[in-house]
Undergrad: 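Okay, here's the structure, questions in a sec.
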Number of protein chains: 2
Amino acid sequence: MQQKKEITIYDIAEKLKLSATTVSRGLKDHPAISKKTKKRINDTAAEMGYRFNTFASNLRSKRTNTIGVIIPKMNSSFMSAVLAGMEKVANEASYNLIISQSLESAEKEAVNVKTMFNNRVDGLMVSVAYDTVGVSQFELLIEKGIPLLFFDRTLDHPQCTSIVIDNHKSGYLATQHLIEQGCKNIIHITGNLARNVYADRQRGYESALRDSGIEVKPENTFITVLDEQAGIDAAQKILKMKSLPDGVFVDNDNCAVNCMANLMNEGIKIPEDIAFIGFNNDPISRVIRPALSTINYPGFEMGEIAAHKLITHLNGKQSINSTNSIILRSELIARDSSRKIK
Amino acid sequence: MQQKKEITIYDIAEKLKLSATTVSRGLKDHPAISKKTKKRINDTAAEMGYRFNTFASNLRSKRTNTIGVIIPKMNSSFMSAVLAGMEKVANEASYNLIISQSLESAEKEAVNVKTMFNNRVDGLMVSVAYDTVGVSQFELLIEKGIPLLFFDRTLDHPQCTSIVIDNHKSGYLATQHLIEQGCKNIIHITGNLARNVYADRQRGYESALRDSGIEVKPENTFITVLDEQAGIDAAQKILKMKSLPDGVFVDNDNCAVNCMANLMNEGIKIPEDIAFIGFNNDPISRVIRPALSTINYPGFEMGEIAAHKLITHLNGKQSINSTNSIILRSELIARDSSRKIK
DNA sequence: AATAATTATGCAACCGGTTGCATAATTATG
DNA sequence: CATAATTATGCAACCGGTTGCATAATTATT
């Protein structure tokens, strides 16, 4: 395992009878170095098998070209789309991404923030865990002037930009759509209402009901973790209700689909007995039968925009504080699971 | 944006009238430092707001505690499961993950390898792009003694470990299952046969046919990119065949589901007319109706094992060359899409 | 040809932990 | 109490690019 000696700019300098300074600049395409010298330097570097030492560079220049990302879980269709978008933009701008998962634990999230901090990421993008409370774990970044950006599940902080969709409007549209289809007794299956995404959708749901003169019943809102099991549990709960609902709005397609499948197994007809609408426009929503109505959530685009925003700021082109939040367009996609009216 | 001055071990040393050496060792829990001094050092560090400088450390110690991952695409259910598994293990072992996507392009893959190389990752885990040819782009890593591990889509290299499932057996099992259900004219929708995963499954498919005395027809193997569109295209192609197949084995659930849905729209009955089996055990396979039979591909586990294997090697516990390949268990999951016999 | 302006290159300190070797401080042994 | 054996701490060089400032080389101007 004895590594061959690494070639440094000093080795190149010596061979070319130049200074390390000139070699460093030549490799960086610095304007003060002549074309001829640059070519000599680059050729020799290639020939000698030189490789740039990021650490020496980072150490001196105090920049890492690395962006941290902390998300609850990698393996969801939505989140991997976001990551893919971020990676694409970051890669094109020569930034590296360090990604870690909080696994929905605020505690693990705090540890990850610390790690990112020690790794001196130039900036951090976060979608917070299910049970995160307060912003204190992020203060040390802000004090050091490290830009912090929230996306999807955000926290409110005057110095941070948030990238979100209009969750209130989305919740409103989804509910209104069910009402238009004739639903009068609508369940909302949602998550922790301390999280902006769920709270906003719940408010949208309530507004839509009120605007149509339908009573808002607290027992019609199910707080769950929105995973597959939660969908199954919700189905059981619905089956036990004295009067069956005629519409269900679920904040996650995957959860919705599992709930729906369970109800169908018990002989419930979708959408005739119960109309369904999900959230995210997950691929699963398109292939299930009946196809699941949903709210389109542009994950890939959100990732691109978040990364782009952060990088623009890092490159000094624009302050991250100039905008406090960016709201992406999301829209209703009506499919068979909610079409009671033909 | 003027950062507050960073606290270094020298600042701590000065305050405690110690040397930087002692502080460095104290923070690292070095055995030669007394308990008392360690406590003083750690307390002062915390109090002064010291943060460890990874770059200075990396520069000197020539280790990065960073592992690179290059995959074709992040946003597939299988791949995000793999990544989640890797991240979990890496995080627990205090390694960072740098992830980048080749987006199925060999060219972009080569660039990413170079970037990882320059970033001096301690090791690299790769699932190669659709059209990657040869191993030359990885040679520079191997020459420098940087361990390289392939998973899922592998390349053959004497110095690299591969983590795979038994694709031959899986292809055999899938095909055999269809035959047992009475299928005699089976299509295999697969990918680039230069990739081990697809070539092996194709061999398994052919072996199963032969073992049952069924003729292997080249035109029954569709080479595609296995995405949603490919599923739709395959459905069209099937509908135009002179004699319809009675079974279809698709190397990807998502593609399978789209193909199936398209055929059903045209009045084909699944499984009565055509039995279907997919690959991966994607969540989608469970919720679609009829539920899609598939091969369970333990992505999360594969990620965990790959990361664990690499890290064990990096920590000097075990040479990566001691095993040349690790084969994970995969199994057939029979569901309604293939059950012709009740 | 002399001077100014421009372009190209180099010096040397710096970034902040790490480590082999030497030395000092403390404890154990005879 | 002297000497050996441990244990604890420090010195100084090192890792390899980067950068402000100075100087050298070349070209333009009068």
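Proteins come first, then strands; the chains are lettered A, B, ... in the order of their sequence lines, and each starts at number 1.
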Undergrad: Nearest whole angstrom, please: distance from the C1' of C:dG10 to the NZ of A:Lys17.
TA: 15 Å
Undergrad: Does a side-chain N-to-carboxylate-O contact under 4.0 Å join B:Arg120 and A:Glu6?
TA: yes
Undergrad: OP1 or OP2 of C:dG10 sitting under 4.0 Å from any side-chain N/O of A:Thr22?
TA: yes
Undergrad: Let me know the distance between CZ of A:Phe52 and P of D:dG16, rounded to the nearest Å.
TA: 13 Å
Undergrad: May I have all residue pairs that pass salt bridge (Lys or Arg N to Asp or Glu O under 4.0 Å) and include part of residues 147-156 of chain B, sequence neighbours excluded?
TA: B:Glu104-B:Arg153
Undergrad: Kindly say whether A:Ser57 contributes a backbone atom to a donor-acceptor pair with the side chain of A:Ser61 at under 3.5 angstrom?
TA: yes
Undergrad: Within the distance-only criterion (no hydrogens, no angle test), does the side chain of A:Thr66 pair as donor or acceptor with the backbone N or O of A:Thr64 below 3.5 angstrom?
TA: yes
Undergrad: Starting from P on D:dG17, measure out to CZ on A:Phe55 and report it in whole angstrom.
TA: 12 Å
Undergrad: Just call it for B:Leu18: base, sugar-phosphate, or nothing, with non-hydrogen atoms closer than 4.0 Å on any strand.
TA: sugar-phosphate
Undergrad: Are B:Arg195 and B:Tyr130 in a cation-pi setup, meaning NZ or CZ lies under 6.0 angstrom from the ring centre and within 45 degrees of the ring axis?
TA: no
Undergrad: Does the pair B:Lys114/B:Glu109 count as a salt bridge with the N-to-O cut at 4.0 Å?
TA: no
Undergrad: Given side chains that start at C-beta, do those of B:Ile98 and B:Ile67 come closer than 4.5 Å, heavy atoms only?
TA: no
Undergrad: Side-chain donor-acceptor pairs under 3.5 Å in residues 74-85 of chain B, sequence neighbours left out?
TA:
from: B:Ser76; atom 1: OG; to: B:Met79; atom 2: N; distance (Å): 3.0
from: B:Ser80; atom 1: OG; to: B:Ser76; atom 2: O; distance (Å): 3.0
from: B:Ser80; atom 1: OG; to: B:Ser77; atom 2: O; distance (Å): 3.2

Undergrad: Which range-with-range stems can be found for DNA chain C when each stem has 3 or more Watson-Crick or G-U pairs in a row and both distances sit under 3.5 Å?
TA: C:1-30 with D:1-30
Undergrad: Could you check which residues of residues 28-50 of chain A get a heavy atom under 4.0 Å from DNA chain C? Sort them by number, please.
TA: A:Pro31, A:Ala32, A:Ile33, A:Ser34, A:Thr37
Undergrad: Nearest whole angstrom, please: distance from the P of D:dG17 to the CG of B:Asn58.
TA: 14 Å
Undergrad: Step through it carefully: locate the ring centre of B:Phe117, locate the ring centre of B:Phe138, and say whether they are under 6.0 Å apart.
TA: no
Undergrad: Once salt bridge (Lys or Arg N to Asp or Glu O under 4.0 Å) is applied, what residue pairs with a partner in residues 19-33 of chain B remain, sequence neighbours excluded?
TA: B:Asp29-B:Lys38
Undergrad: What are the atom names and distances for every N/O pair under 3.5 Å that joins the protein to nucleotides 11-15 of chain C?
TA:
from: C:dC11; atom 1: N4; to: A:Thr21; atom 2: OG1; distance (Å): 2.8
from: C:dA12; atom 1: N6; to: A:Thr21; atom 2: OG1; distance (Å): 3.2
from: C:dC14; atom 1: O2; to: A:Arg60; atom 2: NH1; distance (Å): 2.6

Undergrad: What I want to find out is whether B:Asp43 reaches B:Lys39 closely enough, with some N-O distance under 4.0 Å, to be called a salt bridge.
TA: yes
